[in-house]
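Here the structure is a predicted model, which is why all the values come from computation and not from measurement.
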Amino acid sequence: MKSEPPFLPEGIAEIHAPCPRCGAIVRPNLWQECDSSFSPVYPKDTLGEKGAWIQTSATSFCKCGHRVDFPIEFKKLHHPIYFFGDDADRQLGQFSLHSYSLIGATSGPTEEMGLKLKELKQRYVTTFDPESWRVHTTEMLNGRKRVVHPVYKNFTKESLDSFFLECAHILKERENMTWNQHVTAIYRAPPQKKERFKVGSQVKSCAHNALVSYAIHKATAQHLRPLFTFDATKPVKSYPHIEAWSYDTYSGSRRYLAHAYLTHSNDIHAPSLVVPGSHPCLELADVHAYFAARSIFQRYSGKLPELSLTEFGRFCYIAVAGGERIEFRVGDDIPPQFHPTRN
């Protein structure tokens with residue numbers, strides 16, 4: 001798969017300087033793909049304990065041939081911040097929707113959300129160890145699958161509504177301590193199967209890149225090291241489990257100068273892919289991703305969502321427009337302009 005340039009905030013995308021010789025505006029080559037990555041270089045047989053060579057500037061040449069240097073701000077990272085992600089897809093008539101929810105927090109709130117979800121699961125299903133089963137929203141809301149599932153059959157339609165509302169409130173009650181995000185990518189799928197798969201993969205790559213890049217830039221700017229854990233989309237047989245849609249997208253972005261600016265010249269690990277729902281925050285990401293995609297689907301159909309996204313609290317909602325342009329809104333619901341409309 002062709003690697004895509006990462007998302008860039010305006011402060012980076014608009015970097016420029018006048019040429020000292022001729023006065024022309026010069027910009028760094030943020031989008032030029034290079035053969036090697038812009039990650040720090042460590043001494044042989046070390047992982048950073050003996051320091052590293054870090055890129056602190058970039059060079060461009062004016063059309064007059066004069067060299068112009070641009071500084072790259074380095075931020076030393078002190079503490080980890082954990083991000084847990086899951087996706088959801090929908091068909092919206094002539095459109096296809098790919099969306100991804102990311103739950104982010106430092107260790108304290110992460111552990112607290114895990115304990116709250118454990119207590120919630122124990123209260124609704126008293127006959128099973130809450131750590132022995134996983135929240136999978138799609139299957140829990142599927143009546144035929146629910147009635148034959150040893151755990152899910154303990155829920156009624158009414159108790160499910162209450163359960164998911166309480167899951168949402170676990171996030172809402174901690175909105176000031178979490179870095180929650182959601183990306184929406186809506187596109188017209190070509191009728192041909194081969195072309196449809198190709199376009200779908202490109203859109204997924206772009207959405208994934210925007211979500212991860214935004215989190216990396218925001219975290220490293222505050223001296224935090226982002227660590228990503230996503231639900232795997234294929235069976236996990238051993239670790240590390242690698243899937244091209246995630247690994248290739250992230251690894252490819254390292255070959256752009258933009259990556260050095262996004263990471264503040266730090267080495268950020270590629271996302272880990274694990275068994276779905278194997279961490280409580282992945283379960284919460286699953287719940288939000290489902291209802292976010294469901295909300296878009298219902299509004300597209302002229303209906304109101306059964307569970308409003310306002311119940312989940314504040315998120316940074318990101319939209320990938322036209323496969324390239326990225327838009328952002330921070331709030332408690334997906335902005336109306338992010339929704340497709342019927343012709």
Candidate pair Glu112 and Arg174, rule salt bridge (Lys or Arg N to Asp or Glu O under 4.0 Å), full reasoning: CA-CA 10 Å; Glu112 187 177 315; Arg174 291 158 187 82; 2.8 Å; yes

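- Taking the six-membered ring where tryptophan is involved, the planes of Tyr256 and Trp31 are perpendicular, since the angle between them exceeds 60° and thus also 30°.
- Ile268 and Arg225 get closest at one heavy-atom pair: CD1-NH1, 4.2 Å.
- Under a hydrophobic-cluster definition in which Ile, Leu, Val, Met, Phe, Trp and Tyr are linked whenever side-chain heavy atoms come within less than 4.5 Å, directly or via other members, Phe297 and Phe315 are assigned to the same cluster.
- The side-chain heavy atoms of Phe328 and Cys316, taken from C-beta on, include a pair separated by under 4.5 Å.
- In this structure, a donor-acceptor pair under 3.5 Å is present between the side chains of Thr156 and Ser159.
- Inspection of the Ser162 and Tyr124 side chains reveals an N or O donor paired with an N or O acceptor under 3.5 Å.
- Contact annotation: the side chain of Glu283 approaches that of Lys121 to within less than 4.5 Å [non-hydrogen atoms, C-beta and beyond].
- Proximity of a side-chain donor or acceptor of Asn142 to a complementary backbone N or O of Lys145 within less than 3.5 Å is detected.
- For the 3.5 Å distance criterion, the side chains of Asn266 and Thr220 fail to qualify, holding no donor opposite an acceptor.
- For the residue pair Val135 and Tyr152, the shortest heavy atom distance occurs at C-OH, 4.2 Å.
- With hydrophobic clusters built from ILVMFWY side chains whose heavy atoms lie under 4.5 angstrom apart, Ile216 does not share a cluster with Ile54.
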Candidate pair Asp129 and Lys118, rule salt bridge (Lys or Arg N to Asp or Glu O under 4.0 Å), full reasoning: CA-CA 9 Å; Asp129 179 350; Lys118 180 179 179 180; 5.8 Å; no

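- Taking CD1 of Ile12 as the start and CG of Leu262 as the end, the distance is 5.0 Å to the nearest 0.5 Å.
- Side-chain contact, Tyr317 with Glu327: no donor N or O sits under 3.5 Å from an acceptor N or O.
- In terms of heavy atoms, Phe61 sits closest to Arg67 at CE2-CB, 3.6 Å.
- Considering all non-hydrogen atoms of both residues, Cys19 and Val26 come closest at CB-CG2, 4.0 Å.
- Note on Lys116 versus Glu166: no salt bridge recorded, every NZ/NE/NH1/NH2 to OD/OE distance being 4.0 Å or above.
- Side-chain contact of Gln181 with Ser101: a donor-acceptor pair under 3.5 Å is absent, judged by distance alone.
- Pro335 and His339 get closest at one heavy-atom pair: O-CD2, 3.1 Å.
- A pairwise comparison of heavy atoms in Val287 and Thr137 identifies CA-OG1, 3.4 Å as the closest pair.
- Atom CG of Asp332 sits about 9.0 Å away from atom CZ of Arg314, to the nearest 0.5 Å.
- Side-chain N/O atoms of His169 and Glu311 include a donor and acceptor closer than 3.5 Å.
- Ring geometry for Phe228 versus Phe83: interplanar angle under 30°, hence parallel rather than tilted (30 to 60°).
- No side-chain donor from either of Ser57 and Asp69 sits under 3.5 Å from a side-chain acceptor of the other.
- Ring planes of His288 and Phe312: perpendicular class, angle over 60° (limits at 30 and 60°).
- Judged by distance alone, with hydrogens and angles left aside, the side-chain atoms of His259 form no donor-acceptor pair with the main-chain N or O of Leu257 at under 3.5 Å.
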